[in-house]
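Everything on this sheet refers to the single structure shown next.
Numbering of residues begins at 1 and proceeds along the displayed sequence. Everything numeric in this text was worked out from a predicted model, so none of it was measured.
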Amino acid sequence: MRIDIFDADEFVEINHLKEVTSPIMFQRGDIPDPQGLISNEIFGFTIKDRKETFAYCNLYGHFFHPHIYKIMKRFFRNIENIINGSYHYKISKDGILVRDEYDGETGIEFIYDNWEKIDWEKSEDGGMRNERIDLIKKAKKNEIFWTKLPIIPAFYRDVKSNSHGGGETIELNTFYQKILRYGVMLKERNLFDFSFHNLNYNMQNALVEIYDYFKQKIEKKTGLIRKYLMGKSVDYCTRTVISGPTFHANRAEEMIIDFDHCGIPISQCISLAYPFMLRWVKNFFEQNVFNVQSLPVVVNGKIMEQELRLKNPESYFSDKFFTKKFNQYVRDPESRFEVVTVPLETGKMMPLTFTGRRLMKGTSEELSSIVNRPMTWTDVFYMAAVDSCQDKHVMVTRYPVSDVYGIFMGKIRVISTQQTEIMQYGTKKYDHYPHIDVTKSPEDIAASFIDSCQFSNSYLKGLNGDYDGDQTTMKIIWSQDANKECAELREQKQFVLNMTGGMIRVIGNEASQTFYTMTKEFKQGKHRVISSVETVDLLKLHRQDLTFDKLTELFGICYDAETKTQKTPRFHCSDKLTIPKGTYGNNQEPIVTTVGRYIFNAILYEGTPIQQIVGYVNSTMEDKAFGKVEGKISDGVLTDTLSVDDCKKYIDRRDWLGFQFHSIVTTSFTPEVIQSLPEVVKLREELYKKYEKELNNHDAKTMSLIEDQLIKKTMEILKDNPGLDLYISGARGSVGNNMKNMFMCRGAVKNPLTDDWDIVKSSLNDGIRQEDVPSCSNIILGGAYPKSVATQVSGYISKQLLAECQTEVADHDPNSDCGTKRGIKLLLTSDIANKYIYRYIVVNHKLVMLTKNNIDSYIGKVIELRSPMACLMTKSGCLCGHCVGKFPYMFGNLNIGLSASKAGTTLTNLGMKKFHNNVIKYKTLNPSEMLI
Ligand SMILES: [Zn+2]
């Protein structure tokens with residue numbers, strides 16, 4: 001796109017624009033002033049005229065084009081002082097402006113008159129300054145200086161009547177009025193010099209204001225260009241906020257939103273599957289209304305003999321009528337329980353009746369007598385949505401898409417009201433039928449609907465999303481072929497694994513804490529050893545028996561309404577238990593474990609192929625421990641020991657247990673962890689005194705050592721306090737960062753001005769002392785800056801990497817070899833070893849593939865790695881199988897270049913981490929190890 005400097009005067013001349021001269025909008029009696037900004041005489045009477053007619057106002061002098069003025073201020077700040085008359089300048093023989101308060105001149109007309117004489121000095125090292133000067137030098141004088149300002153057509157800034165009976169106008173008119181008023185004053189010219197210059201200065205700034213007003217309408221994310229010209233709104237597509245699914249299912253298999261199904265509200269299905277919905281609804285009315293032409297009269301649930309004749313239903317229920325109803329349903333949630341009525345020959349409207357059977361949860365037994373109530377549009381549209389979407393997939397996208405995980409396909413589950421029931425209508429059973437209560441007040445109806453999209457939490461990591469208002473774009477796939485492709489895509493390994501073979505569908509936070517609490521160590525004195533009778537009872541319970549109700553019964557503190565007493569839980573997760581030989585997966589030795597660990601294993605792994613791989617998990621799921629177990633599962637999928645389907649089922653069980661059981665077993669905080677402990681405060685003061693000299697010298701290392709001691713002391717005191725679970729489990733925050741800042745001390749903070757460390761001795765709980773306010777502000781800045789800038793920079797790097805590497809494809813033949821003699825020399829350490837499994841290295845001129853079994857023998861050694869970077873390419877122009885290694889072939893994705901954006905994502909995450917963490921870490925570096 002090319003944007004030119006606009007010649008305002010020329011525009012006025014060639015279009016024969018009329019002049020607006022009066023700053024007054026209305027005359028008496030609310031008639032537009034004939035010379036004013038909304039004059040009928042100038043802008044016309046008809047809408048067409050008022051939309052198309054420009055006008056202008058005279059500036060009575062020469063003023064800089066606002067864009068030029070802004071640029072000029074960048075390289076010659078004093079231009080402001082010349083326009084407002086406070087600095088005087090002379091022009092030297094070389095055309096350079098030289099300040100001279102005695103012989104110099106001032107004012108914008110001085111600049112205008114001498115414009116050709118002035119030579120703007122360029123800087124020698126090039127850069128922006130020179131570009132700006134070039135622009136000004138190349139522009140014509142009549143482009144740089146304006147004497148007239150165009151006024152946009154009245155239609156776009158017309159006065160609208162407001163609710164108070166008065167008229168309202170947009171901000172733009174007040175800017176125009178300002179210019180007109182200054183114009184009137186400049187026209188007189190009978191001013192003192194200083195007020196004349198000042199007026200010119202105001203006029204120039206008013207022009208900039210108008211320029212900025214239009215600019216902000218056009219630029220950036222919400223501007224016209226990005227929103228309407230570059231942005232695309234697609235038909236039959238929705239964009240909505242996402243929200244977390246609710247967990248209130250008795251079993252993992254009963255969840256309304258699971259790994260397979262995304263929840264889409266009825267109102268969005270109407271947009272997404274519009275033609276299918278319309279056909280269904282038309283069909284429905286054809287069968288239930290048109291074909292009948294008369295309806296039985298139902299009184300108190302009994303069908304009477306008398307029948308009512310319908311009046312011409314075919315013409316009443318037209319396509320247009322349904323479209324109107326669809327739109328109403330989307331836009332006006334309060335109307336969703338509106339009853340469906342049909343016209344009778346008598347001229348009255350008669351409601352349709354809904355007859356269904358409500359079924360019991362779990363079993364399919366009938367719960368109550370037949371449901372007999374008026375049919376609402378929610379009934380019709382819900383059934384239409386379910387039938388229209390049942391064989392289709394939805395494509396969910398969260399921008400920016402930097403790799404394959406930015407988009408995913410899911411099956412569809414129509415979501416409606418918060419409460420659902422199992423309903424049978426005709427021969428079809430609906431497991432999540434909306435709960436319809438026609439007696440509800442309109443506000444309650446609107447609030448009872450879920451109107452945001454939902455999907456399994458485990459997709460968030462791949463999308464890089466969360467629930468703080470993130471939006472996704474959804475589109476339902478219509479054609480059968482495309483749906484078949486979606487189904488195949490969901491079966492691929494890369495649907496559950498990330499590009500390095502780890503699990504991509506992970507969860508954290510609440511679930512981590514649940515698993516940690518469930519698997520915590522047995523503590524003598526705190527927990528008990530359960531009896532042998534209880535052990536036998538407990539070991540009888542397997543996954544199918546362990547419903548949420550059962551878990552609540554075993555671990556929950558229940559309130560007995562009859563006796564008005566609290567029932568203590570039967571078990572505590574850390575109670576000790578011994579599983580006898582041969583009872584869990586044919587165990588050869590008795591397993592000493594805890595009740596929580598048994599339940600954890602029984603629900604997640606027992607009786608599934610995963611059990612063969614992970615065995616009995618008998619350790620505390622602290623911080624990263626759970627990830628290690630999941631690493632075995634993802635390895636299983638990669639090496640074909642586990643199927644993708646096994647993995648998906650596991651994901652549902654994991655999410656259900658992790659999120660739903662959370663409220664039963666975990667502790668959020670205890671009083672001890674939300675206060676500054678007196679012992680720690682005492683120690684802190686002692687240490688401050690002891691190291692007073694170092695701290696006064698801004699010694700950050702000493703401060704860091706003090707912090708370590710305070711943390712150590714805190715941990716000693718709190719030890720087994722359940723309030724620490726949140727931190728230790730890795731769910732949220734950490735003791736060393738969040739808890740330390742809150743209750744111990746803020747510590748050393750980098751001061752960007754002095755380049756030294758400020759020591760903030762108090763904690764946030766103590767409050768911030770006045771002298772520490774600047775340092776604490778620096779912390780905020782130090783966090784927020786990388787968050788915004790690093791995100792911006794690394795986001796662009798991701799896109800560059802993708803653009804650069806997208807053509808890098810591995811050869812179809814895993815045994816292909818380009819025969820390169822070059823490799824990369826690399827010191828293999830245990831930290832990075834995992835990343836090189838299935839890659840080839842050269843040992844004694846022979847190729848060896850690194851595997852889990854042999855990699856340990858190379859750790860600590862310098863290996864010569866075959867790498868795509870040294871590949872000579874195969875005949876088909878692809879990277880050879882030996883340079884890329886075996887992983888892409890096992891993973892099932894040969895487009896390895898598409899994973900290059902991972903480097904950008906890693907950088908983004910590092911930038912974000914800085915925002916959340918202000919721990920200072922010390923490392924000893926040995927230069928001789930670093931220099932290669
Ligand atoms: Zn090669």
Side-chain angles (χ1 to χ4, degrees), residues 244-262 405 408 410 454-463 490 493 495-498 502-520 542-548 550-551 555 573 596-638 641-666 729-731:
T246 45
F247 286 89
H248 51 58
N250 218 4
R251 293 164 209 278
E253 302 83 57
E254 287 169 20
M255 291 192 293
I256 172 161
I257 308 299
D258 53 19
F259 188 69
D260 265 337
H261 295 89
C262 301
Y405 304 105
F408 76 89
Q454 301 182 336
F455 45 75
S456 164
N457 290 303
S458 56
Y459 288 111
L460 289 177
K461 166 95 177 174
L463 296 176
R490 292 182 53 83
K493 285 178 189 172
F495 199 75
V496 291
L497 300 184
N498 66 26
M503 183 86 90
I504 182 76
R505 308 305 180 194
V506 290
I507 47 165
N509 305 346
E510 288 78 13
S512 307
Q513 203 189 349
T514 311
F515 299 148
Y516 171 74
T517 313
M518 287 183 82
T519 56
K520 264 203 297 194
H542 298 284
R543 191 172 58 247
Q544 58 275 21
D545 315 305
L546 291 166
T547 60
F548 187 64
K550 189 75 194 170
L551 290 175
F555 297 97
C573 282
R597 286 179 191 173
Y598 174 72
I599 303 285
F600 176 81
N601 279 282
I603 291 177
L604 294 190
Y605 313 123
E606 198 198 347
T608 70
I610 297 175
Q611 192 190 349
Q612 313 295 328
I613 293 175
V614 300
Y616 184 85
V617 176
N618 200 12
S619 56
T620 311
M621 294 293 111
E622 223 166 61
D623 206 1
K624 288 182 177 123
F626 187 69
K628 280 189 186 143
V629 180
E630 283 207 331
K632 291 185 186 168
I633 298 174
S634 56
D635 265 353
V637 177
L638 188 67
T641 336
L642 285 177
S643 70
V644 172
D645 200 48
D646 290 332
C647 187
K648 287 182 185 171
K649 283 182 184 144
Y650 157 75
I651 289 169
D652 277 335
R653 294 196 300 273
R654 177 197 67 186
D655 295 5
W656 171 76
L657 180 68
F659 289 116
Q660 197 167 333
F661 199 39
H662 183 262
S663 59
I664 307 286
V665 291
T666 60
S729 63

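Neither side chain, Thr608 nor Arg543, offers a donor N or O lying under 3.5 Å from an acceptor on the other. Side-chain contact check for Glu630 and Tyr650: at least one donor-acceptor pair (N or O, by modelled atom type) lies under 3.5 Å.
At a threshold of 4.5 Å between non-hydrogen side-chain atoms, the residues Lys550 and Asp545 do not count as touching. Side chains of Pro245 and Asn457 form a contact here, defined as non-hydrogen atoms less than 4.5 Å apart. Between Arg597 and Thr620 there is a side-chain heavy-atom pair separated by less than 4.5 Å. Considering only heavy atoms from C-beta on, Met621 stays 4.5 Å or farther from Met518 through its side chain. For the pair Lys648/Arg505, no side-chain contact is recorded, criterion being any heavy-atom separation below 4.5 Å from C-beta on. Annotation: side chain of Phe515 is in contact with side chain of Arg654 (closest heavy-atom distance under 4.5 Å). Under the 4.5 Å side-chain criterion, counting only non-hydrogen atoms from C-beta, Asp652 is not in contact with Glu253. Using a 4.5 Å heavy-atom cutoff, the side chains of His542 and Glu606 are in contact.
Atom CD1 of Ile257 is separated from atom SG of Cys262 by 7.5 Å, given to the nearest 0.5 angstrom. With rounding to the nearest 0.5 angstrom, the CG atom of Leu546 is 11.0 Å from the CG atom of Asn250. How far CE of Met255 is from CD of Gln660: 8.5 Å, rounded to the nearest 0.5 Å. To the nearest 0.5 angstrom, Phe247 atom CZ is 12.0 Å from Ile256 atom CD1. In this structure, CG in Leu657 is found 7.0 Å from CG in Leu551, a value given to the nearest 0.5 Å. Distance check, rounded to the nearest 0.5 Å: CG of Asn601 to CD1 of Ile610 gives 11.5 Å.
Ion pairing between a basic and an acidic side chain is recognised when a charged N comes within 4.0 Å of a carboxylate O; Lys649 and Asp645 show such pairing. Using a 4.0 Å cut-off between charged side-chain N and carboxylate O, Asp260 and Arg490 make a salt bridge.
Nearest heavy-atom pair across Ala731 and Ser512 is CA-CB, 4.2 Å. Closest approach of Val637 to Lys493, counting heavy atoms only: O-CE, 3.3 Å. The two residues Ile651 and Ser458 come nearest to each other via the heavy atoms CG2-OG, 3.6 Å. The nearest pair of heavy atoms linking Leu497 to Ser634 is CD2-CB, 3.5 Å. When every heavy atom of Tyr516 is checked against every heavy atom of Ser729, the shortest pair comes out as CB-CB, 3.3 Å.
Qualifying ring-ring contact (aromatic ring centres under 6.0 Å, His included) partners for Phe661, counting only residues two or more places apart in sequence or in other chains: Phe555. Every residue two or more places apart in sequence or in another chain was checked for a salt bridge (Lys or Arg N to Asp or Glu O under 4.0 Å) with Asp646, and none qualifies. Partners of Tyr405 under the ring-ring contact (aromatic ring centres under 6.0 Å, His included) rule, at least two apart in sequence or in another chain, do not exist in this structure. With sequence neighbours excluded, no residue satisfies salt bridge (Lys or Arg N to Asp or Glu O under 4.0 Å) with Arg653. Residues satisfying the ring-ring contact (aromatic ring centres under 6.0 Å, His included) test with Phe455, not counting sequence neighbours, are Phe408. For Tyr616, the ring-ring contact (aromatic ring centres under 6.0 Å, His included) partners are Tyr584, not counting sequence neighbours.
In the displayed structure, Lys461 atom NZ is contacted under 6.0 Å by at most 12 heavy atoms of other residues, nucleotides or ligands.
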- Would you sort out whether Trp656 and Phe548 count as a side chain to side chain contact (heavy atoms under 4.5 Å, CB included), showing the intermediate values? CA-CA 9 Å; Trp656 171 76; Phe548 187 64; 4.0 Å; yes
Check the pair Val496 / Cys647 against side chain to side chain contact (heavy atoms under 4.5 Å, CB included), numbers first and verdict last. CA-CA 8 Å; Val496 291; Cys647 187; 4.1 Å; yes
Stepwise salt bridge (charged side-chain N to carboxylate O under 4.0 Å, His left out) test for Lys520 and Glu622:
CA-CA 8 Å; Lys520 264 203 297 194; Glu622 223 166 61; over 6 Å; no
(message) The test is ring-ring contact (aromatic ring centres under 6.0 Å, His included); show your working for Tyr605 and Phe600 and say whether it passes.
(response) CA-CA 8 Å; Tyr605 313 123; Phe600 176 81; 5.8 Å; yes
Any chance you could lay out the side chain to side chain contact (heavy atoms under 4.5 Å, CB included) test for Ile504 and Tyr459, step after step, and finish with the verdict? CA-CA 8 Å; Ile504 182 76; Tyr459 288 111; over 6 Å; no
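For the pairing with Thr641, the side-chain contact (heavy atoms from CB on, under 4.5 Å) check across Ile613, Asp635, Ile633 returns one residue only, Ile613.
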